[in-house]
Protein chains: 2
Amino acid sequence: MSTPQKSPERNKTQSRTVKVQVALRQAIIEQRLAPGIRLPEDTIGESFGTSRTIAREALQRLAVEGLVELQPNRGAFVANPSLDEGRDVFVVRQGLERMVVRHLAGNLSTQQIATLEHMLQQEELAAAQNDAEAIRLAGEFHLKLVEMTGNQLLIRYLTETISRCSLVLAMYGRPHSVDCGIEEHRQIIEALIAGDVERTSSLMEHHLDEVAGRALLEPRKTESLQDVLSSFADLLR
Amino acid sequence: MSTPQKSPERNKTQSRTVKVQVALRQAIIEQRLAPGIRLPEDTIGESFGTSRTIAREALQRLAVEGLVELQPNRGAFVANPSLDEGRDVFVVRQGLERMVVRHLAGNLSTQQIATLEHMLQQEELAAAQNDAEAIRLAGEFHLKLVEMTGNQLLIRYLTETISRCSLVLAMYGRPHSVDCGIEEHRQIIEALIAGDVERTSSLMEHHLDEVAGRALLEPRKTESLQDVLSSFADLLR
DNA sequence: GTCTTAATGGTTGTACGCAATCTTTAAGGG
DNA sequence: CCCTTAAAGATTGCGTACAACCATTAAGAC
């Protein structure tokens, strides 16, 4: 049945579409592609050495992920979420993460605990020196947690939501607010092991409030025209 | 910048793809297309009087919705979730609905309250006579609730999840267990108006436990080989 | 008779081309 | 000078054709 003499490597990855999709996603999350910018199918196709068909498919998928906006007969644009939409995304993330800890608390295997503590160590290592790496690891921690639930749907939703959070933070967050507090991660692990659902939930809630609130709510809140102009008006005195 | 003088009418609906998508979704949820059945692009295209391109696109989207499974180089199939996967979907739904009531409790406008009570009346009307209509209305109730949150992401996720629940129920549920208890819906509305988050949450949790548990967990639970065989063994005495 | 291997049929993966639509630019009238 | 209207340009929407791949069946060897 199986044909092991095939390519020794993996399934060769699901063809070009996915490759383009991941590449674009990375570019968007890292803000190499600014929010609101146009994404013509032609250009993308040429860039990746493929035809419009592939580019189009990748864009469609990214659209359902919420990273690009698709306007009928007008084309694709990098998503440009408003602050309100951004808050919505964080609200959903909080709820999803709450589901994660609810299912994990008290149910961690020793293997899983070891994995988490290992990740924590890596986070601490990276915290002092490598900014980009630290941010990446902080995200991985949350992804690892949800993967441990084994709930495929939950994994998909939270993965998607987290990447959207990254986009929102990139737009409205300050340059590099250390997204996650490592100490908070440690406390969460401890509470999970202890099996205290309520405590873990509130810890996670607090943790995400920190992330969202610190970086998102404070800074360029609404930035209404009046506010901007009044701050300039002061200079006229 | 904005061009309000555009077409006065609606956006004319987003082209054929969505139409095919909607039609297929309906067919799958209503079990007109049995789980596991093949969905060749050609056939679908011909059925809807369009080309493979459209069919393919619709299938892709339904795949991310979880209603069809896409096997590389092999084609599309109507999703055939295992009982475990089905349970996962219900777990996620519970979590999402919990988010809904958390945001709605105590924040309903009089307009919204009126809408909900109107829906309740319709449910009661349909309950006695029209089965299919009753089931549809029961689903609408939950959809209406999430729409009232105004959180687009939450709306998308829960809509998707609810349709997947329908598929699961169609597969593993008994013929037509009345999916939702109307009385339970009434209690939920009351608790929402009262603004009692905890009570609403537990009501909703209980409500969905009823739906899932009654129709899904009891009946063909695991059905391990031993169980089946032992029940046959009795006949040999 | 069974296993291996080749050939065939069918379906997906991808590229490309034409038509439809939107945007922009240019021209004309008030 | 501005606004309205027409034409040109560019991009998406969609169909179709060919190539790649998988599954099945047929043929051959042991």
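Naming convention: chains lettered A, B, ... in sequence-line order (proteins, then strands); numbering from 1 in each chain.
- Between A/Arg38 and C/dT23 there is no side-chain polar atom (N or O) within less than 4.0 angstrom of OP1 or OP2.
- When the P atom of C/dT14 is taken as reference, atom CD of A/Glu46 falls 18 Å away, rounded to whole Å.
- The distance between atom CG of A/Asp42 and atom P of D/dA10, rounded to the nearest whole Å, is 11 Å.
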Next item on the list: Indicate for each nucleotide in nucleotides 13-20 of chain D, in 5' to 3' sequence, whether protein heavy atoms under 4.0 Å reach the base (B), only the sugar-phosphate (S), or nothing (-).
Entry: BBBBB---
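- One finds the CD1 atom of A/Ile29 at 5.0 Å from the OG atom of A/Ser166 (value rounded to the nearest 0.5 Å).
- Side chains of A/Ile54 and A/Phe48 form no contact here, defined as non-hydrogen atoms less than 4.5 Å apart.
- One finds the CG atom of B/Leu143 at 8.0 Å from the CE atom of B/Met119 (value rounded to the nearest 0.5 Å).
- C/dT11 atom C1' lies 13 Å from atom CG of B/Leu70, rounded to whole Å.
- To the nearest 0.5 Å, atoms OG1 (A/Thr17) and CD (A/Gln21) are separated by 8.0 Å.
- For A/Ile44 and C/dA15, the CD1 to C1' distance is 17 Å, given to the nearest whole Å.
- Using the six-membered ring where Trp is involved, B/His185 and B/His142 have ring planes that are perpendicular, over 60° apart on the 30 and 60° scheme.
- Checked against ring-ring contact (aromatic ring centres under 6.0 Å, His included), A/Phe77 has no partners two or more places apart in sequence or in another chain.
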